[in-house]
Amino acid sequence: MKILVPVKRVIDYNVKVRVKPDQSGVDLANVKMSMNPFDEIAVEEAVRLKEKGVAEEVVAVSIGVPQAQDTLRTALAMGADRAILITSDQDLEPLAVAKLLKAVVDQEQPGMVLMGKQAIDGDNNAVGQMLAALLHRPQATFASKVEVSADKTKAQVTREVDGGLQTIEVDLPAVVTVDLRLNEPRYASLPNIMKAKKKPLDTKSVADFGVDTAPRLTVLKVTEPPKRQAGIKVESAADLVARLKNEAGVI
Amino acid sequence: MAVLVIADHDNSALRDSTSKAVAAAAKFGGDIDILVAGENAAGVAAAAAKIAGVRKVLLSESPALSQNLAEAVADLVVGLMDGYDAVLTPATSAGKNAAPRIAARLDVALLSDVLEVEDASTFVRPIYAGNALETVRSSDAKKVVTVRTTAFKSAGDGGSATVETIAAPAAPAHSRFVSESVVASERPELAGAKVVVSGGRALGSSEEFHSVLEPLADRLGAAIGASRAAVDAGYAPNDYQVGQTGKVVAPDLYIAIGISGAIQHLAGMKDAKVIVAINKDADAPIFQIADYGWVADYKTAIPELMQALG
């Protein structure tokens with residue numbers, strides 16, 4: 001079975017996001033970029049499935065600026081076998097990304113698409129579900145456990161839902177989006193980082209796919225949320241409890 | 001203009017988030033219908049009919065709908081959308097699961113986690129875990145929206161809508177429900193808890209993390225959270241993680257213990273109503289956003305706090 005893992009290059013989760021003064025967006029200039037953390041979990045899971053002999057090949061795909069190949073190299077260093085970069089000079093909406101990924105799925109015919117439940121930039125939590133819909137295939141979102149049947153025709157996926165866990169069974173091919181509890185991604189070792197440089201990375205452009213990627217949304221403005229002000233310092237537990245009771249009324 | 005709101009319920013009770021989604025739907029300025037998709041959920045439909053401003057309640061029942069299988073929910077909703085200009089669902093795990101599937105089937109964008117409905121095509125939503133807010137205008141003919149219900153006030157009651165039973169879609173061909181386990185914790189769930197007690201790397205070990213935080217959480221009826229640093233150090237499981245790469249919470253009270261306040265952590269809890277920070281480092285960034293800061297070592301502070309709480 002082949003597993004396709006879409007990965008996104010996003011602002012590193014440790015970087016403070018700055019809104020541009022002209023409200024046109026978020027400042028990406030000279031900002032550290034990394035793989036979307038949820039996608040790292042997806043790559044890790046795919047590589048583990050390969051290590052267990054469930055998957056034969058792990059293919060990472062990214063859509064974005066040419067520098068997204070760094071993100072793909074990270075996936076390759078973690079254990080993906082090859083990578084596909086689809087370059088785009090515009091920021092694509094989830095629906096457009098899902099359409100492009102559908103085209104990749106049509107070509108690659110993976111048994112499973114494993115991907116992060118959301119990217120930490122747009123926070124849409126949409127592409128996996130949209131891709132499943134466009135493929136007319138089942139979806140298993142927010143996965144905390146993925147078990148593929150011995151004959152590789154089905155997967156049992158435990159999902160993190162409000163208030164607990166739900167386990168569903170989906171026929172493969174299916175789209176699985178991953179949540180935090182699934183695994184702890186590995187750090188790529190130096191030898192693996194070196195090896196990753198020699199793994200195949202195929203570059204295409206959005207135009208190669210003939211897919212309608214026109215935006216549906218116009219961003220009117222991007223603003224900073226209201227800032228929180230520092231409050232007061234307390235000196236004792238008694239003072240804190242009294243204030244929480246009487247002043248804030250929260251206990 | 002007509003708007004469909006997907007009810008949030010557990011087949012026996014209607015959750016208040018439904019009423020909040022109705023409040024968001026009211027901003028569209030049209031008729032509002034509620035869809036109750038479930039099983040043996042007539043009581044839920046009756047409760048939904050009482051929400052103020054609702055025209056009618058559609059009740060569709062099948063096991064797959066009750067199990068929130070996205071394929072079934074999407075089949076049902078897509079089939080209804082000829083009669084609606086927008087569909088709204090609370091941004092619950094079920095709503096987030098189904099809404100993008102519905103949007104793709106309709107070939108429209110998803111508007112997720114909407115905080116504000118400016119008009120029927122203009123919405124404010126958080127990006128970067130709420131570190132920025134984007135105002136977007138949709139050019140799609142139909143809108144598919146998940147609503148951050150904490151941003152809306154309940155619509156109130158006093159309605160007397162009719163309840164209409166509609167056919168349920170066929171069971172999904174390629175996905176099946178296996179089991180469900182409600183976390184049997186005495187503690188509330190992190191994402192929806194009114195009080196969260198959260199620990200950071202300063203706690204030093206898994207044993208310390210649990211022995212310090214659990215009694216306090218039990219005393220306050222709180223959920224337990226953790227910083228990413230504490231999770232990475234192995235003191236707490238990954239699903240305790242509060243922050244941009246974890247859960248985003250907005251409790252009434254958030255108590256951060258031994259958490260310095262990395263940006264990505266702040267992104268996950270800055271919308272709490274009241275933030276308390278306990279940290280021995282007076283320069284910790286967490287104090288810049290805390291309503292009540294207490295510069296103290298947790299080792300002495302937490303026992304004192306337990307005593308003061310009585």
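Each chain gets a letter, A, B and so on, in the order the sequences are listed, and its residues count up from 1.
For A:V10, no part lies under 4.5 angstrom from a heavy atom of chain B. Of the two parts of B:A296, neither the backbone nor the side chain holds a non-hydrogen atom closer than 4.5 Å to a non-hydrogen atom of chain A. Interface residue B:L69: only side-chain heavy atoms are found under 4.5 Å from chain A. Neither the backbone nor the side chain of B:L266 comes within contact range of chain A, judged by heavy atoms closer than 4.5 Å. At a 4.5 Å heavy-atom cutoff, the contact between B:T122 and chain A is made by side-chain atoms alone. For B:V276, the part sitting under 4.5 Å from any heavy atom of chain A is the side chain, from C-beta outward, and nothing else. When heavy atoms are compared at a cutoff of 4.5 Å, A:Q118 does not approach chain B at all. Heavy-atom distances place both the backbone and the side chain of A:R137 under 4.5 Å from chain B. With a 4.5 Å cut-off on non-hydrogen atoms, A:D12 does not touch chain B at all. For B:A173, the part lying under 4.5 angstrom from a heavy atom of chain A is the backbone only. Using a 4.5 Å cut-off between heavy atoms, A:V26 contacts chain B through its side chain alone, with no backbone atom that close. When heavy atoms are compared at a cutoff of 4.5 Å, A:V161 approaches chain B by way of both its backbone and its side chain. With a 4.5 angstrom heavy-atom cutoff, B:D107 touches chain A via backbone and side-chain atoms both. Residue A:L240 touches chain B through its side chain alone, counting heavy-atom pairs closer than 4.5 Å. With a 4.5 Å cut-off on non-hydrogen atoms, A:K154 touches chain B through its side chain but not through its backbone. Only the side chain of A:P37 has a heavy atom closer than 4.5 Å to any heavy atom of chain B. A:V241 touches chain B through its side chain: at least one heavy atom from C-beta onward sits under 4.5 Å away, while N, CA, C and O do not. Contact of A:S236 with chain B is made through the backbone alone, with heavy-atom distances under 4.5 Å. Both the backbone and the side chain of A:A132 have a heavy atom closer than 4.5 Å to some heavy atom of chain B. Both the backbone and the side chain of B:A129 come within less than 4.5 Å of a heavy atom of chain A. Proximity to chain B (any heavy atom under 4.5 Å) is restricted, for A:I251, to the side chain, taken from C-beta onward. Looking at A:K99, the atoms closer than 4.5 Å to chain B (heavy atoms on both sides) all sit in the side chain, from C-beta outward.
Contact detail for B:P126 and A:D123: the closest heavy-atom pair is O-CB, 4.4 Å. Of all the heavy atoms in A:V17 and B:N131, the pair that sits closest is CB-CB, 4.3 Å. Taking each heavy atom of B:S93 and A:E160 in turn, the nearest pair found is CB-O, 4.3 Å. Contact between B:P100 and A:M130 at its shortest, heavy atoms only, is O-CG, 3.3 Å.
Taking NZ of B:K143 as the reference point, atom CG of A:L217 lies at 9.5 Å (rounded to 0.5 Å). Within the model, atoms CD of A:E184 and CG of B:D232 stand 7.0 Å from one another, a figure rounded to the nearest 0.5 Å. To the nearest 0.5 Å, atoms CG (B:L133) and CD (A:Q23) are separated by 10.5 Å. To the nearest 0.5 angstrom, A:L131 atom CG is 9.5 Å from B:R101 atom CZ. A distance of 11.5 Å separates CD1 in B:I289 from CD in A:Q229, rounded to the nearest 0.5 Å. B:E71 contributes atom CD, which lies 10.5 Å from atom CD of A:Q129 (distance to the nearest 0.5 angstrom).
The side-chain heavy atoms of B:E134 and A:T223, taken from C-beta on, include no pair separated by under 4.5 Å. A 4.5 Å side-chain heavy-atom check between B:V274 and A:L244 finds at least one atom pair inside the cut-off. Put simply, the side chain of A:I232 reaches to within 4.5 Å of the side chain of B:Y292, judged on heavy atoms. Residues A:V250 and B:V195 form no side-chain contact, since every pair of their non-hydrogen atoms from C-beta on lies 4.5 Å or further apart. Residues B:S175 and A:Q139 form no side-chain contact, since every pair of their non-hydrogen atoms from C-beta on lies 4.5 Å or further apart. A heavy-atom distance below 4.5 Å is found between the side chains of B:I127 and A:V222. Residues B:H174 and A:E169 are not in side-chain contact: their nearest non-hydrogen atoms beyond the backbone lie 4.5 Å or more apart. Contact check for B:V178 versus A:Q156: side-chain heavy atoms found under the 4.5 Å cut-off.
Cation-pi geometry between B:R228 and A:Y13 is met: under 6.0 angstrom from the ring centre, within 45 degrees of the axis. Under a cutoff of 6.0 Å and an axis angle of 45°, A:K233 and B:F287 form a cation-pi pair.
A salt bridge links A:D171 with B:R176; the closest basic N to acidic carboxylate O contact falls under 4.0 Å. Salt bridge annotation for B:K96-A:D162: absent, with no cationic side-chain nitrogen under 4.0 angstrom from a carboxylate oxygen. Electrostatic pairing of B:D291 and A:R228 counts as a salt bridge here, judged by a charged N lying under 4.0 Å from a carboxylate O.
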Run the side chain to side chain donor-acceptor pair (under 3.5 Å) check on A:T141 and B:N97 step by step: do they pass? CA-CA 7 Å; A:T141 53; B:N97 189 33; 2.6 Å; yes
Evaluate the criterion side-chain contact (heavy atoms from CB on, under 4.5 Å) for residue pair A:I120 and B:Y128; output intermediate values, then yes/no. CA-CA 6 Å; A:I120 61 165; B:Y128 294 93; over 6 Å; no
Side chain to side chain donor-acceptor pair (under 3.5 Å) between A:N124 and B:R125, worked out: CA-CA 10 Å; A:N124 283 291; B:R125 55 176 304 272; 3.3 Å; yes
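Side-chain N or O atoms of A:Q166 include one that pairs as donor or acceptor with a backbone N or O of B:Q67 at under 3.5 Å. Although no hydrogens or angles enter the test, the distance criterion places a donor-acceptor pair under 3.5 Å between the side chain of B:S139 and the main chain of A:R216.
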